[in-house]
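These notes are about the structure you will find just below.
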Amino acid sequence: MNHTSAGSELRDLPDPNDLLALAEEAARAAGRLIVEHRPRSLAVTATKSSATDIVTEMDHASEELLVDHIRAARPHDGFLGEEGAAEAGSSGVTWVLDPIDGTVNYLYDIPAYAVSVGARVGDEVVAGAVVNPVSGEVWTARQGHGAFLNGSPVHANPAPRLAMALVSTGFGYDPARRGRQAAILTQVLPHIRDIRRAGSASLDLCAVATGRVDGYYEQGLKPWDLAAGGLIARESGAVVGGLRGRGAGEALVIAAPEPLFGELESLLASLGADRP
Ligand code: IPD
Ligand code: CA
C-alpha cells in the first residue's frame with residue numbers, strides 16, 4: 001500500500017500489482033465456474049435491452065462469485081457489474097465486471113466467451129484481466145506495464161494499410177441499432193481486407209492486443225465490455241479511442257495501432273458511425 005497526501009488527508013493508494021493479481025485470480029475462478037457448471041440445457045432467465053439480449057443463471061452466478069471473491073480481499077471497494085452489481089465503495093477502487101462476455105456464444109457452446117475484470121481508480125482502468133476459460137487463455141495488463149497473454153508479452157500488429165487490415169466488429173442487441181451498424185459495415189467492407197464478428201467485445205480487444213486482427217470498432221459498448229480489454233489493447237500498443245478526439249465509450253470504440261487507427265477513424269467519421 002502506498003501513501004500519498006491529497007490535500008490535508010492521507011489517502012491509501014492501492015498497489016496496482018495487487019489489483020492485477022486479484023483481477024486475474026477472480027476472473028480465473030469465475031471462468032472455472034461457468035465452464036464446470038455450464039448446465040447441459042442452459043436456460044435463458046431474462047432478457048434485457050431486446051429479446052435477443054439474454055442473461056442466463058450462470059451470468060448471475062459468475063458475477064456473484066466475482067463480487068464475493070473481490071470483496072473478501074478488499075471490503076471497501078466499489079463494483080459496477082453487467083448483471084447489477086452497483087456499489088460506490090469508499091476506497092477509490094471500482095471493479096468493472098462482465099461475468100460472461102459473449103453470453104450468446106455461451107448459450108450455443110461456442111468457445112469464444114470470457115470473464116472480464118477491470119480495476120478502475122478514478123476514471124482510469126489501472127489493471128485488468130480477461131479470461132477465456134475454454135481455451136485457457138488469460139490476458140492481463142497493468143497501466144504502463146504492457147499486455148500479456150498467459151504471462152508472455154503481446155503486441156498489436158504493426159499497422160497494415162487500411163486496405164490490408166483485418167478488422168473485427170460487433171453489433172448491439174437493439175434491432176434499430178443493428179440495422180444502422182449493418183448499413184455502416186457495408187460501407188466499411190470495400191475498404192478493408194475482411195471483417196470478423198467473434199461475439200465477445202473483450203476478446204475482440206484482446207485479439208487486437210495479440211495481433212489476431214489488426215483493428216476493431218464497435219458502437220454501444222458498456223463500461224464492462226471495455227474496461228479490461230481496452231486497457232489490454234492499449235498496453236499492447238494499440239490506440240483505443242472514439243471519433244474526432246473523443247475517448248472510447250458507448251458512442252464508439254476503435255482499437256488499432258497507428259496509423260491504422262487514424263485511417264479507420266476517418267472512414268468511420270465520414271460514415272457517422274457514432275450517431276445514436
Ligand atoms: C456483448 C458482446 C458482443 C458485443 C455486444 C456486447 P454480452 O456482450 O461483447 O460481442 O457485440 O455489444 O453487448 O452481452 O455477451 O456480455
Ligand atoms: Ca455479459
Side-chain angles (χ1 to χ4, degrees), residues 26-27 30-31 33-35 38 42 44-67 79-86 95-118 128-134 139 167-182 184-185 188 195-209 212-213 215-230 232-233 240 242 248-255 273-274 276:
L33 174 85
I34 62 177
V35 168
R38 184 177 179 281
L42 193 59
V44 173
T45 53
T47 58
K48 289 183 278 189
S49 59
S50 81
T52 52
D53 185 1
I54 54 148
V55 45
T56 70
E57 66 212 83
M58 296 308 290
D59 290 83
H60 287 297
S62 176
E63 185 161 300
E64 201 177 306
L65 181 152
L66 290 172
V67 171
F79 293 95
L80 176 65
E82 177 167 20
E83 307 312 338
W95 294 88
V96 188
L97 310 173
D98 195 335
I100 304 180
D101 184 32
T103 306
V104 175
N105 285 346
Y106 185 65
L107 183 68
Y108 283 78
D109 206 11
I110 298 170
Y113 51 86
V115 178
S116 173
V117 176
V130 173
V131 170
N132 176 335
V134 183
W139 285 267
V167 177
S168 64
T169 192
F171 307 105
Y173 292 106
D174 172 63
R177 171 170 279 171
R178 296 169 78 81
R180 287 193 298 276
Q181 289 175 312
I184 286 165
L185 180 56
V188 170
I195 201 81
R196 293 291 180 269
R197 196 296 192 247
S200 166
S202 61
L203 290 180
D204 285 328
L205 288 157
C206 290
V208 172
R212 294 178 185 173
V213 294
Y216 163 71
Y217 77 92
E218 184 167 348
Q219 185 183 46
L221 292 196
K222 302 288 189 193
W224 41 82
D225 299 312
L226 177 62
I232 290 162
V240 181
E250 199 161 345
L252 197 70
V253 173
I254 306 171
D274 61 349

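Indexing begins at 1, ligand by ligand and atom by atom, following the structure's order.
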At under 4.0 Å between heavy atoms, is it the side chain or the backbone of [X] that contacts ligand 1, or both, or neither?
X	value
Q219	neither
D225	side chain
S200	backbone
K222	neither
N105	neither

Heavy-atom contact check, 4.0 Å cutoff: does [X] meet ligand 1?
X	answer
D204	no
Y173	yes
G102	yes

Inset, instruction - For residues S202 and A114, report the shortest heavy-atom separation together with the two atoms involved. - result: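 Shortest heavy-atom contact: OG-CB, 3.7 Å.
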
Ligand-residue contact atoms, ligand 1 with [X], heavy atoms, under 4.0 Å:
X	result
A201	2 (C), 9 (O), 10 (O)
G199	2 (C), 3 (C), 10 (O)
D101	1 (C), 2 (C), 7 (P), 8 (O), 9 (O), 15 (O), 16 (O)
I100	16 (O)

Does [X] reach the main-chain N or O of [Y] with its side chain, forming a donor-acceptor pair under 3.5 Å?
X	Y	result
D101	W224	no
S116	V130	no
R197	F171	yes
Q219	Q181	no

Could you check if a side-chain atom of [X] sits within less than 4.5 angstrom of a side-chain atom of [Y], using non-hydrogen atoms only?
X	Y	answer
L33	M58	yes
D98	K222	no
W139	L203	yes

Please state whether the separation between the Ca ion (ligand 2) and some N/O/S atom of [X] is under 3.0 Å?
X	answer
I100	yes
E82	yes
D59	no

Legend entry - Heavy-atom nearest neighbour of atom 12 (O) of ligand 1 within options R197, Q181, E82, E218: E218

Is it the case that ligand 1 has an N or O less than 3.5 angstrom from some N or O of [X]?
X	result
V104	no
G172	no
G170	no

Inset, instruction - Assess whether side chain to side chain contact (heavy atoms under 4.5 Å, CB included) is satisfied between V67 and L97, documenting all intermediate values. - result: CA-CA 9 Å; V67 171; L97 310 173; 3.8 Å; yes

Legend entry - Of the N, O or S atoms in D98, the one nearest the Ca ion (ligand 2):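 Closest N, O or S atom of D98 to the Ca ion (ligand 2): OD1.
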
Inset, instruction - Let me see the working for V134 and Y113 under side chain to side chain contact (heavy atoms under 4.5 Å, CB included), right down to the final yes or no. - result: CA-CA 8 Å; V134 183; Y113 51 86; 3.3 Å; yes

Inset, instruction - Evaluate side-chain hydrogen bond (donor to acceptor under 3.5 Å, both in side chains) for T103 paired with D59, printing each intermediate quantity in order. - result: CA-CA 8 Å; T103 306; D59 290 83; 3.1 Å; yes

Legend entry - Reported CD-to-OG distance for the pair E83 and S62, which is rounded to 0.5 angstrom: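 One finds 9.0 Å between CD of E83 and OG of S62.
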
